[in-house]
Amino acid sequence: MKTREKRMRHWIRIFGVVFFLVFLPCSCDRATQPVVGPVSGVTDTEILIGSSLALEGHAGYLGTQTLRGALSYLNFINEQGGVHGRKIRVIAYDDGYDPPRCVFNTQKLINEDKVFALFNYVGTPTSVKIIPIVEEAKIPLLGLFTGANILREPFKRYIINVRASYYQETGAMVKHFVEDLGITKIAVFYQYDDYGFDGLTGTGIALQKYGLNPVATGSYIRGTLDVEDGLDKIIASEAQAVIMIGTYDPCAKFIRLAKSKGFNPIFHNVSFVGSDELARRLGREGDGVIVTQVVPPPEAPEVRTLLWGADEYNNLLKIYYPEENLSIVGLEGYINARVLVAGLIRVGRDLNREKFIDAINSIEEYSLGIANTLTFSPDDHQGLERVYFTQIKDGKFVLLVDWEKIKRARAVPGVTDNEILIGSSLALEGHAGHLGTQTLHGALSYINFINEEQGGVHGRKIRVIAYDDGYDPPRCVFNTQKLINEDKVFALFNYVGTPTSVKIIPIVEEAKIPLLGLFTGANALREPFKRYIINVRASYYQETGAMVKHFVEDLGIAKIAVFFQDDDYGFDGLAGTEIALQKYGLAPVATGSYVRGTLDVEDGLDKIIASQAQAVIMIGTYDSCAKFIRLAKSKGFNPIFHNVSFVGSEELARRLGKEGDGVIITQVVPPPQERILLPAAEDYARLLDKYFPQYTPTFAGFEGFLNAKILIEGLRRVGKELAREDFISAIETLDIYFVGIGAKVSFGPNDRQGLDQVYFSRIEDGKVTMFTDWTHFKR
């Protein structure tokens with residue numbers, strides 16, 4: 001109680017001078033004034049005001065916030081003694097945003113409650129239905145929470161609008177869309193009633209000024225959440241922006257569904273939507289949504305600091321409704337109450353409805369403390385004209401003033417306020433399909449975790465578009481061009497295979513698009529240096545070089561053959577082996593090859609058997625390599641078989657069965673089974689089980705998982721202002737970055753390969769295990 005009294009004394013000091021000037025003369029003259037005549041709703045001690053608005057249901061938030069904002073000021077005025085000795089009492093009926101109930105309530109307020117004026121109505125479909133009642137009764141209706149044009153034109157003496165209109169809101173938004181952002185494909189989603197029709201008309205009028213029309217329209221029935229049909233029409237139009245005239249529940253559903261379908265235009269809502277409730281329902285998916293306002297957002301620190309009206313609302317709301325949070329809707333109700341009181345003060349003690357209207361007409365350049373003065377006149381009953389632009393950021397509304405910033409962000413392909421689009425082309429079916437699916441699922445395990453548990457990166461979720469190329473270069477080229485030119489992805493990611501990847505090098509360099517995390521060790525992707533291609537894994541040259549070193553130095557083997565796939569992949573492994581052998585004055589004793597996509601290994605095997613090679617380095621895929629090894633053993637040929645990492649270790653082991661024992665596979669990531677020693681392996685196993693429980697950890701999947709970790713870290717380091725060049729620069733800062741596998745990731749301005757370590761594994765009892773002891777292989 002003491003705290004409340006202290007606050008009241010504070011406000012008495014602030015308003016004391018005003019009330020002294022206004023009320024003192026009136027109290028002095030009161031004894032000589034004649035008795036007031038029979039004016040409805042007015043007694044010697046009270047002015048009765050009536051309101052019909054939604055206090056429950058799908059628009060209940062709007063009504064309760066508007067009413068409490070208004071009552072915060074009216075309660076304060078009453079505690080100061082009211083206006084000219086009369087306290088203001090508000091009778092408020094719930095109409096549930098239903099026009100017939102609003103009509104019933106209004107008739108009751110006028111005919112039974114006999115209120116002096118109507119006040120703080122909420123909604124277009126309700127308010128427009130009472131226009132004839134208001135005009136017939138000649139009763140003032142002030143402060144409507146609607147921007148409908150029909151309440152403004154033609155001029156209506158008894159209807160007093162405070163806020164700007166929907167025509168002004170949509171017109172201002174269209175202007176920024178077209179002139180500042182260069183957007184011409186604008187759709188409209190609207191509530192199918194007077195409210196929606198008004199916003200649709202306003203948007204159409206604004207677009208016509210630029211020779212444009214809505215590219216699509218979609219609607220829903222008031223009181224429902226049936227937004228799907230309207231959404232589908234608008235998605236089909238490929239709209240760049242959507243102007244929305246609805247309430248918070250259906251608009252929130254529309255935006256969430258749109259994003260779930262990969263549709264990410266700029267979403268704009270008019271002020272009636274219920275900004276704070278919209279933001280609450282959207283959560284993390286709300287970032288970037290624009291809402292036009294007719295009053296400034298009171299929760300913004302700069303607003304409360306610079307605008308005394310917003311600070312006054314904040315302080316009084318805390319006194320009378322301490323459980324309520326600041327809201328834009330509440331501030332509008334508060335301002336309506338200030339206008340009501342200002343009109344009553346100007347009339348004086350001798351109050352009637354016509355004098356009240358005349359008093360309102362006399363208000364000119366009246367300060368409400370919101371940097372937007374109030375002006376009425378005998379033929380103008382809209383007091384405020386200004387439209388504010390706000391945008392949801394981290395669940396709160398911030399003033400939007402920098403349209404160039406939005407334009408820059410839109411200029412970055414694949415980046416919206418809430419999404420980053422990543423593209424991938426890889427084998428999901430066919431003879432390399434296991435590699436693509438495992439790599440992709442490994443990456444998505446981490447990306448899904450980041451999206452669900454952390455809300456994405458800097459408020460943006462990552463969405464991956466993955467196309468199957470069947471390990472076929474022409475298909476990969478087609479997919480890549482589609483990802484860049486049609487899907488407009490921000491970056492390319494997780495490509496699988498040398499023959500496919502090397503064919504897109506010119507496309508990547510021309511588009512200047514980052515390509516990160518390739519499941520290939522091809523040297524052509526590393527030398528000469530390529531700014532936009534970011535390799536994570538060690539190269540085939542490093543794999544074959546490490547293997548040759550152990551063959552020659554540890555096992556004393558000099559007769560080494562090479563079996564390879566007859567394409568860029570195989571040629572790269574062959575070249576790496578030859579370079580490694582030359583260091584020891586050696587060369588392959590034989591080479592054999594097969595055509596990609598076939599199992600024609602016999603000719604190559606015969607050449608290698610004839611050479612009596614002691615070891616065979618194999619650069620191929622699991623099917624063809626498995627057949628080669630089985631056939632060799634069936635012919636009594638048993639050298640040491642070595643496969644590079646691309647082979648697909650687990651699939652090779654499965655196909656070989658018992659005949660796989662002793663086969664060596666070099667790896668570029670450690671075994672994913674080492675969950676105790678490696679934090680990343682533990683995370684990979686846990687997240688894979690959560691998102692893809694039908695799969696078990698694999699080397700290929702673990703590599704995809706690590707690629708995703710590096711992608712995410714690069715995006716984090718860029719910050720919210722994301723661009724391709726900045727992403728490349730951020731990757732270059734990963735000079736000593738630990739991903740949880742022991743080995744560090746290191747990039748630099750002239751280094752586009754993050755890892756260099758090669759691990760050795762062998763098949764034993766159908767499983768792939770790491771080893772370090774080479775004595776087992778000595779013969």
Side-chain angles (χ1 to χ4, degrees), residues 53-54 59 62-63 66 97 99 120-131 141-156 159-178 186-210 212-214 217-220 222 230 241-248 250-251 254 266-275 278 289-296 328-329 331-333 335-336 372 380-390 400:
L53 66 178
L62 303 175
T66 308
Y97 194 42
N120 244 30
Y121 274 51
V122 170
T124 303
T126 47
S127 300
V128 298
K129 290 295 186 288
I130 66 163
I131 293 174
L141 168 57
L142 183 146
L144 302 96
F145 190 72
T146 164
N149 193 62
I150 194 171
L151 295 162
R152 292 158 170 79
E153 295 180 356
F155 175 79
K156 297 170 180 65
I159 296 178
I160 304 158
N161 301 284
V162 176
R163 54 151 47 217
S165 71
Y166 294 142
Y167 280 22
Q168 288 170 302
E169 287 191 64
T170 54
M173 192 68 251
V174 166
K175 182 177 187 293
H176 282 296
F177 277 155
V178 178
I186 300 170
V188 183
F189 177 70
Y190 63 98
Q191 185 168 285
Y192 194 77
D193 62 6
D194 292 303
Y195 164 43
F197 301 151
D198 198 78
L200 175 63
T201 301
T203 305
I205 292 170
L207 286 170
Q208 285 171 6
K209 294 177 182 177
Y210 300 95
L212 301 172
N213 288 300
T217 61
S219 64
Y220 71 97
R222 182 181 67 246
V242 182
I243 290 177
M244 308 177 71
I245 303 101
T247 54
Y248 43 83
C251 288
F254 182 98
I266 297 179
F267 296 102
H268 160 250
N269 290 262
V270 295
S271 55
F272 185 83
V273 71
S275 310
L278 177 69
V289 172
I290 296 172
V291 184
T292 42
Q293 311 288 359
V294 294
V295 297
I328 297 171
V329 179
L331 177 57
E332 186 169 341
I335 288 170
N336 288 342
N372 187 6
D380 180 4
H381 275 187
Q382 180 177 297
L384 299 173
E385 306 291 333
R386 186 168 177 180
V387 175
Y388 301 82
F389 294 89
T390 62
L400 174 57

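- Of the N and O atoms on the side chains of N336 and N120, at least one donor lies less than 3.5 Å from an acceptor on the other residue.
- Put simply, the side chain of T247 does not reach to within 4.5 Å of the side chain of V273, judged on heavy atoms.
- Residues meeting the salt bridge (Lys or Arg N to Asp or Glu O under 4.0 Å) test with K175, sequence neighbours left out: E179.
- Ring pair F177/H268 is perpendicular by interplanar angle, where above 60° counts as perpendicular and below 30° as parallel.
- With 3.5 Å as the limit, one finds no donor-acceptor pair spanning the side chains of Q382 and S165.
- Y192 meets the side-chain contact (heavy atoms from CB on, under 4.5 Å) test with Y190, F197, S219, I221; sequence neighbours excluded.
- Between Y166 and Y195, the distance from one ring center to the other falls under 6.0 angstrom.
- Taking every heavy atom of both residues into account, Q293 and T390 meet most closely at NE2-OG1, 3.2 Å.
- Checked by atom type and distance alone, the side chain of D198 pairs as donor or acceptor with a backbone atom of N149 at under 3.5 Å.
- What you find for L207 and P214 is that their closest heavy atoms are CD1-N, 3.5 Å.
- Distance CG/N269 to OG1/T292: 8.0 Å, rounded to 0.5 Å.
- For the pair N161 (side chain) and L151 (backbone), a donor-acceptor distance under 3.5 Å is present.
- In this structure, a donor-acceptor pair under 3.5 Å is present between the side chains of S271 and R163.
- Using a 4.5 Å heavy-atom threshold, the side chains of Y210 and V174 count as touching.
- Summarising the geometry of Y121 relative to S127, their closest heavy-atom pair is CB-OG, 3.8 Å, with the distance given to 0.1 Å.
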### Task
Would you check, one step at a time, whether the test ring pair (Phe, Tyr, Trp, His ring centres under 6.0 Å) holds for F189 with Y220?
CA-CA 8 Å; F189 177 70; Y220 71 97; 5.4 Å; yes
